[in-house]
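What follows is a short report on a single structure.
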Amino acid sequence: MPELPEVETMRRGIAGLVGGRILDVQSCPCRLKPIALTPGLAAFRRSAVDRTIERIDRAGKRVVVRLDSEDAIVIEPRMTGLVLLADPPNQEHLRLRIVVAGASSRAGKLRGESRGAVHELLYWDRRGLGSVRLVSPREFERRYGPTKLGPDALELTPEILRERLFRSRRAIKVALLDQRALAGVGNLYASEMLHRCGVHPATRCDRLHTDQWSRLHAALAAVLESAIEHEGSTLSDGTYRNALNQAGGYQNQHLVYDRAGESCPTCSRGTILRIVQAQRSTFYCPACQTKKARSTR
DNA sequence: CATATGTCCTGAGAGC
DNA sequence: TGCTCTCAGGACATAT
């Protein structure tokens, strides 16, 4: 379930590869159905080998490795994909290996490592719903440009957030997951941010008041920034790991996600409920999350 | 156009 | 113990 904080953690974890040169790209054959790799391995290798990594960005929930050819390698982890520098959880779900020379392996931490060291950028994916694509600037724009991806959730202002959503008749929880409206929020953090601003997840966007948009924006920013500080959420299945195969810490800060039946940690009056919206679980407290704007607080 | 639903995939866990 | 079944939710194709 990598969402913005997890993907940002992956991005930071491999930032030390900037300046490195790609030596080889190897697929890791296994009995599982292969992930989407485009173009095929041979053409991928032809375009990537000998290119230098100029920058590593994030596009919503995707890691974008920019090459000096102006092509980009776009890694999309979807549900269970991991971007690693080493030490994958196992070999059987290792999908792709990109061998990189001449970079430091960790952002800002050059200590003692020779500039000529060889590193591996690994893509691991248990369920295999993710993809790795090498795309031209034109293809990047077509797939990940502003018509496909809204503004990054970390770049929003209260006004932009409201402008992107307030015409919609959808429930706010469902709309927050729409990557064309805003990019980066997924199922887990949507529940958390709505809880923290006291908004009921089923509230229609077009019924939200200005002060609610403000509070939602503040909660959105606070939750995402804190989750990045904690290096993301590793849920009970333990799948998500950072680039060094370490668990995140934000799962310990969750107030409602996956806590159905527990007493609300915010108001202690309600019991956390689980409902289903658009085939996804939503968690909230019926006592302190309301559809009405609050007059005070 | 906006919104809703089905699909992909694997492994964990429930129930018998 | 071992089988079958359901569920998790990223993005996208297709339907309404």
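Nothing here was measured: the structure is a model prediction, and the numbers come from that model. Below, chain A is the first sequence line, B the second, and so on; all start at residue 1.
Only the P atoms considered, C:dG9 is 23 Å distant from B:dT3, to the nearest whole Å. Between C:dA11 and B:dA12, the two C1' atoms lie 23 Å apart (nearest whole Å).
Note: CZ (A:R133) to P (C:dC12) measures 8 Å, nearest angstrom. The CG atom of A:D258 sits 8 Å away from the P atom of C:dG9 (whole-angstrom rounding). Atom CG of A:L129 and atom C1' of B:dG11 are 12 Å apart (whole Å). B:dA4 atom P lies 10 Å from atom CZ of A:R204, rounded to whole Å. The distance between atom CD1 of A:I35 and atom C1' of B:dT10, rounded to the nearest whole Å, is 14 Å. In this structure, A:L32 atom CG and B:dC8 atom P are separated by 17 Å, rounded to whole Å. Between the C1' atom of C:dC7 and the CG atom of A:L235 lies a distance of 14 Å, rounded to the nearest Å. Here B:dG11 presents its P atom at 14 Å from NZ of A:K33, a figure rounded to the nearest Å.
When each of A:Y250, A:Y257, A:F283 is checked for a ring pair (Phe, Tyr, Trp, His ring centres under 6.0 Å) with A:Y189, only A:Y250 meets the rule. When A:D152, A:I160, A:L165 are each tested for a side chain to side chain contact (heavy atoms under 4.5 Å, CB included) with A:L182, only one passes: A:L165. Considering A:D50, A:I53, A:T52 as possible partners of A:L67, the one that fulfils the side chain to side chain contact (heavy atoms under 4.5 Å, CB included) test is A:I53.
Taking a 4.0 Å limit (strictly below) on heavy-atom distances, residues 135-167 of chain A does not reach DNA chain B anywhere.
Nearest heavy-atom pair, A:K173 versus A:Q277, reported as atom, atom and distance to 0.1 Å: CG-OE1, 3.0 Å. A:Q289 and A:P201 make their closest contact through NE2-CD, 3.9 Å (heavy atoms, listed as atom of the first residue, atom of the second, distance).
Of the candidate nucleotides B:dC9, B:dG6, C:dG10, B:dG6 has the atom nearest to the side chain of A:Q279. Taking every side-chain heavy atom of A:R169 into account, B:dT3 is the closest of C:dG10, B:dT3, B:dT10. Which of B:dG11, C:dG9, C:dA11 sits closest to the side chain of A:Q179 comes down to C:dA11. Across B:dG11, B:dT3, B:dC9, the shortest atom-to-atom separation from the side chain of A:H93 is found for B:dG11. Distances from the side chain of A:K61 to the nucleotides C:dA11, C:dG9, B:dT10 place C:dA11 closest.
Looking at heavy-atom distances under 4.0 Å, A:G128 makes no contact with the nucleic acid at all. If you check every strand for non-hydrogen atoms under 4.0 Å, A:R170 touches sugar and phosphate atoms only. Among the atoms of the strands shown, none is found under 4.0 Å from any heavy atom of A:F283. When heavy atoms are screened at a 4.0 angstrom cut-off, A:S281 is found touching the sugar-phosphate backbone but no base atom. Within 4.0 Å of A:R95, counting heavy atoms only, lies no atom of the nucleic acid at all. Using a 4.0 Å heavy-atom distance criterion, A:T80 is classed as making no nucleic acid contact. Residue A:D237 is classed as having no contact, given no heavy-atom separation below 4.0 Å to the nucleic acid. Residue A:R180 is out of contact with every strand shown, counting any heavy-atom pair closer than 4.0 Å.
Comparing A:V174 and A:S236 against DNA chain B, the residue whose closest nucleotide sits nearer the 5' end is A:V174.
A:R62 contributes no side-chain N or O that forms a donor-acceptor pair with the base of C:dG10 under 3.5 Å.
Under a cut-off of 6.0 angstrom, the local environment of CD in A:E70 is sparse, with at most 12 non-hydrogen atoms contributed by other residues, nucleotides or ligands.
The shortest distance between side-chain heavy atoms of A:I98 and A:I22 falls below 4.5 Å.
Distances shorter than 4.0 Å separate none of the side-chain N or O atoms of A:Y240 from OP1 or OP2 on C:dG10.
We find that A:R66 and A:D57 are joined by a salt bridge, their nearest charged nitrogen and carboxylate oxygen being less than 4.0 Å apart.
With hydrogens and angles disregarded, no donor-acceptor distance shorter than 3.5 Å links the side chain of A:R62 to the backbone of A:E76.
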